[in-house]
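Contents: one structure, followed by commentary.
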Amino acid sequence: MSKHREDIERDMRYLQLLAQSFPTIADASTEVINLQAILNLPKGTEHFLADLHGAYEAFQHVIRNASGNIKRKVNEIFGNELRESEKRNLCTLIYYPEQKLELVKQSENDLDDWYRTTIHQLVRVCREVSSKYTRSKVRKALPQDFSYIIQELLHESTEDNDKAAYVRVIIDTIISTRRADDFIVAISHVIHRLAIDKLHILGDIFDRGPGAHLILDMMRQYENWDIEWGNHDVLWMGACAGNDACICNVIRLSLRYGNLVTLEEGYGINLVPLATFAMETYGDDPCAEFMPKTNGGAETLDEKRARLTAQMHKAIAVLQFKIENQIFERHPEWNMTDRSLFRNIDFEKHTCTIDGKAYAMTSCNFPTINPDDPNALTPEEQELMSRLHHSFLISEKLQKHIRMLLSHGCMFSVINNNLLFHAAVPLNDDGTMKEVLLYPDRKYSGRELMYQTGMLIRTAFQEDSDPSDRAYARDYFLYLWCGPDSLLYNKSKMATFERYFLTDKETHHEEKGAYFKLRDNEKVIEGILDAFGVTGKQRHIINGHVPVHAASGENPIKANGKLMVIDGGFSQAYHATTGIAGYTLVYHSRGFELVQHEPFTSTEDAIIRGSDIKSTMQIVEMSSRRMLVSDTDMGDELKKQVTDLKKLLYAYRHGYIKEKQ
């Protein structure tokens, strides 16, 4: 019996199912032809971004301008045909069509002529960005109202006189039927979608800036994207799952940066009970350590609001430390009971003892702490926590956004020979994979640790899970946030308490884990790639988490090009530290390019003055030949489909399966 025949007989059940989609030889043959053609198209452009931290306006602009790619396309297409101001206006129209149209209509004398010229220009740009895709894929990206019209305009040549007349009539009719505005908006959005084939977000959408909820609203409109969860994302996921320590951390960080927009306006979290409790409890306390940091893009607070914010900040911080300590003591296997620092305070001497040494405290006013049982909540704190807990659990929008992160996300991904994760892989000092206790009785390392951690996170949201498993999963969000061997933290401690209350800065030090110390070692990075099963000559780790200090000369490309760290500080809170405003790593058919962004002014400035994010391109790695779809993970899948279809054709032609007419 021939090998081919053995394969057919073994796979007969599957082939019969496949025959339902391709019931004839003609159908199966056509699909093989289509797939073979797709395999020979250039690979789509992937964009990688990390650590957005609520910087909605900057993120939105980077997506709309495709990290500067649309501007480059416009320059290539029109060259000297258009003045610089005209190209700038065309780009702004593509980025923000609705708003730019309103400005044009206020100043343009011959609007119909402007419409004709502009629609022709937009079609040329759209034709260029769609050139590497199949007609079928482009068609799926088109809005229903204008699908047929855009297809006709994209695929008809104006060099032929007859076709030029045909195109002219289509555009004139769009204008005469008063659909020009709608058409311009529609085709601009098509350009946005096609300029980026796939978007990878390497964690940390939340915290610092005010627009995390707006970023997630925006992502609901996209299909081809994924996220590798970051520590700030997991903190909000824990809050959504009902972990009270995570809830307190989320609120504390929002108050620390004077940014309550996401909580109150985005998710409808009621902070009035916290404000009332804070004023009653800390009304006479200057709360100097808790004044908000308003240099992170938040609105400027007047003295009265700043004082109330500081009081709320202290109230939630004390509540956070108490609840965290309760969880640490509930899980001694985590080896974090030493973080229960309220037990180490000498309330008479105003000192706190750490590692046998007493340190002076900035203040020691804790009216809700019982020195004999410092982690116990007062009845008022219990009532407050209950109300905050309820507010998070009933926030419909927050629950929807977290479910979206669950459906699009995971702890890590391996895509096209690139290993993506947010922060770290726990390592021993010699660079080998470190075994980490995930469950009270189970340890994992490397790939299995990341996979099992992702499964544990999902357990917290599965109502049919065992109640004790779900409770442990809910608690574990806190370890992921601040645990020494956490995949998302990987430092000796999170010195939040020390930074608030201890004057000696030696207590503020957070020793980085071995991954961060060894990540410039090519051999170590190769070992991680091996452990995760990443193959290929050009394989990489891509992550974020730790801001790259570009201003001081730090290079985001490490380990001889094997590791790319793309946290350049999107949020304004990091601009002074990094000296830039974020990176986009672009992976197209020619190779990798790193785009370094300067701070974004504002959406309003971009629309009115045509300002754009100034970006600098750095070539990271170029391929010796243009990469095709056949070189990608999708290509591997399509090749398997071709093989299966060829088996189906064999089955049809040799009588194993009958064609359906």
For the backbone of [Y] and the side chain of [X], can you confirm whether one donor and one acceptor N or O come within less than 3.5 Å of each other?
{"X": "Ser254", "Y": "Val250", "result": "yes"}
{"X": "Thr432", "Y": "Asn428", "result": "no"}
{"X": "Arg339", "Y": "Met494", "result": "yes"}
{"X": "Ser391", "Y": "Asn270", "result": "yes"}
{"X": "Asp204", "Y": "Asn231", "result": "yes"}
{"X": "Thr362", "Y": "Tyr500", "result": "yes"}
{"X": "Asp207", "Y": "His53", "result": "no"}
{"X": "Asp233", "Y": "Gly230", "result": "yes"}
{"X": "Ser386", "Y": "Gln382", "result": "no"}
{"X": "Asn325", "Y": "Phe321", "result": "yes"}

Got [X] and [Y] here, is their nearest side-chain heavy-atom distance under 4.5 Å?
{"X": "Ile251", "Y": "Leu388", "value": "yes"}
{"X": "Val234", "Y": "Tyr489", "value": "no"}
{"X": "Ile354", "Y": "Leu341", "value": "yes"}

*Measure up the Phe592 and Phe48 rings against each other and bin them: parallel (under 30°), tilted (30 to 60°), perpendicular (over 60°).*
tilted
*Look at the rings of Trp236 and Phe206 and say which category their plane angle falls in: under 30° parallel, 30 to 60° tilted, over 60° perpendicular.*
parallel
*In chain order, what residues pass the side-chain hydrogen bond (donor to acceptor under 3.5 Å, both in side chains) check against Thr503, with sequence neighbours excluded?*
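Expected list: none.
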*With sequence neighbours left out, what residues match Glu303 under salt bridge (charged side-chain N to carboxylate O under 4.0 Å, His left out)?*
none
*Mind checking salt bridge (charged side-chain N to carboxylate O under 4.0 Å, His left out) for Arg330 and listing every partner two or more places apart, or none if nothing turns up?*
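Result, salt bridge (charged side-chain N to carboxylate O under 4.0 Å, His left out) vs Arg330: Asp475.
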*Any salt bridge between Glu498 and Lys493, counting N to O under 4.0 Å?*
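Salt bridge present between Glu498 and Lys493.
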*Identify whether the distance between the nearest side-chain nitrogen and carboxylate oxygen of Lys562 and Glu526 falls below 4.0 Å.*
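A salt bridge is present here (some side-chain N lies under 4.0 Å from a carboxylate O).
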_Row check, Phe516 ring normal vs Arg519 NZ/CZ: under 6.0 Å, within 45°_ =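 So Arg519 doesn't make the cation-pi contact.
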Is a side-chain donor-acceptor pair under 3.5 Å present for [Y] with [X]?
{"X": "Ser492", "Y": "Glu510", "result": "no"}
{"X": "His545", "Y": "Asp567", "result": "no"}
{"X": "Asn560", "Y": "Glu522", "result": "yes"}
{"X": "Asp469", "Y": "Tyr439", "result": "no"}
{"X": "Asn249", "Y": "Glu324", "result": "yes"}
{"X": "His540", "Y": "Asn418", "result": "yes"}

*Evaluate side chain to side chain contact (heavy atoms under 4.5 Å, CB included) for Ile542 paired with Leu419, printing each intermediate quantity in order.*
CA-CA 6 Å; Ile542 306 172; Leu419 171 58; over 6 Å; no
Can you confirm whether more than 12 heavy atoms, excluding those of [X], are under 6.0 Å from its [atom1] atom?
{"X": "Arg447", "atom1": "CZ", "answer": "no"}
{"X": "His390", "atom1": "NE2", "answer": "no"}
{"X": "Lys512", "atom1": "NZ", "answer": "no"}
{"X": "Lys443", "atom1": "NZ", "answer": "no"}

*asked:* Restricting to non-hydrogen atoms, name the atom on Ile323 and the atom on Cys248 that form the minimum distance, rounded to 0.1 Å.
replied: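 Looking at all heavy atoms of both residues, the shortest contact is CD1-SG, 4.1 Å.
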For [range], which residue pairs pass the salt bridge (charged side-chain N to carboxylate O under 4.0 Å, His left out) check, not counting sequence neighbours?
{"range": "residues 258-286", "value": "Asp285-Lys314"}
{"range": "residues 426-441", "value": "Lys434-Asp485"}
{"range": "residues 340-349", "value": "Glu329-Arg343"}

*asked:* Here's a test for you: under ring pair (Phe, Tyr, Trp, His ring centres under 6.0 Å), which of Phe366, Phe342, Tyr359 qualifies with Phe501?
replied: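 Testing Phe501 for a ring pair (Phe, Tyr, Trp, His ring centres under 6.0 Å) against Phe366, Phe342, Tyr359 leaves exactly one candidate, Phe366.
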*Out of Phe477, Trp481, Tyr257, which one pairs with His232 under the ring pair (Phe, Tyr, Trp, His ring centres under 6.0 Å) rule?*
Trp481
When rounded to the nearest 0.5 angstrom, what is the spacing between [atom1] in [X] and [atom2] in [Y]?
{"X": "Met455", "Y": "Glu448", "atom1": "CE", "atom2": "CD", "answer": "10.5 Å"}
{"X": "Arg307", "Y": "His313", "atom1": "CZ", "atom2": "NE2", "answer": "14.5 Å"}
{"X": "Leu319", "Y": "Leu274", "atom1": "CG", "atom2": "CG", "answer": "8.5 Å"}
{"X": "His47", "Y": "Ile566", "atom1": "NE2", "atom2": "CD1", "answer": "11.5 Å"}
{"X": "His408", "Y": "Leu216", "atom1": "NE2", "atom2": "CG", "answer": "10.5 Å"}
{"X": "Leu456", "Y": "Gln452", "atom1": "CG", "atom2": "CD", "answer": "9.0 Å"}

*asked:* The test is salt bridge (charged side-chain N to carboxylate O under 4.0 Å, His left out); show your working for Lys491 and Glu511 and say whether it passes.
replied: CA-CA 5 Å; Lys491 294 182 183 179; Glu511 186 70 18; over 6 Å; no
*Verdict with supporting geometry, Asp226 and His200, side-chain hydrogen bond (donor to acceptor under 3.5 Å, both in side chains)*: CA-CA 5 Å; Asp226 57 72; His200 309 286; 2.7 Å; yes
Between [X] and [Y], ring centroids under 6.0 Å:
{"X": "Tyr472", "Y": "His331", "value": "yes"}
{"X": "Tyr267", "Y": "His401", "value": "yes"}
{"X": "Tyr479", "Y": "Tyr476", "value": "yes"}

*Could you check Glu381 against Val318 for side chain to side chain contact (heavy atoms under 4.5 Å, CB included), going step by step and ending with a plain yes or no?*
CA-CA 10 Å; Glu381 285 177 321; Val318 171; 4.2 Å; yes
*Determine, step by step, whether Leu563 and Asn543 satisfy the side chain to side chain contact (heavy atoms under 4.5 Å, CB included) criterion, reporting the C-alpha distance in whole Å, the side-chain angles of both residues, the deciding distance to 0.1 Å, and the verdict.*
CA-CA 8 Å; Leu563 172 63; Asn543 66 4; 3.8 Å; yes
*Stepwise side chain to side chain contact (heavy atoms under 4.5 Å, CB included) check, Tyr583 with Leu594*: CA-CA 7 Å; Tyr583 292 111; Leu594 187 69; 3.9 Å; yes
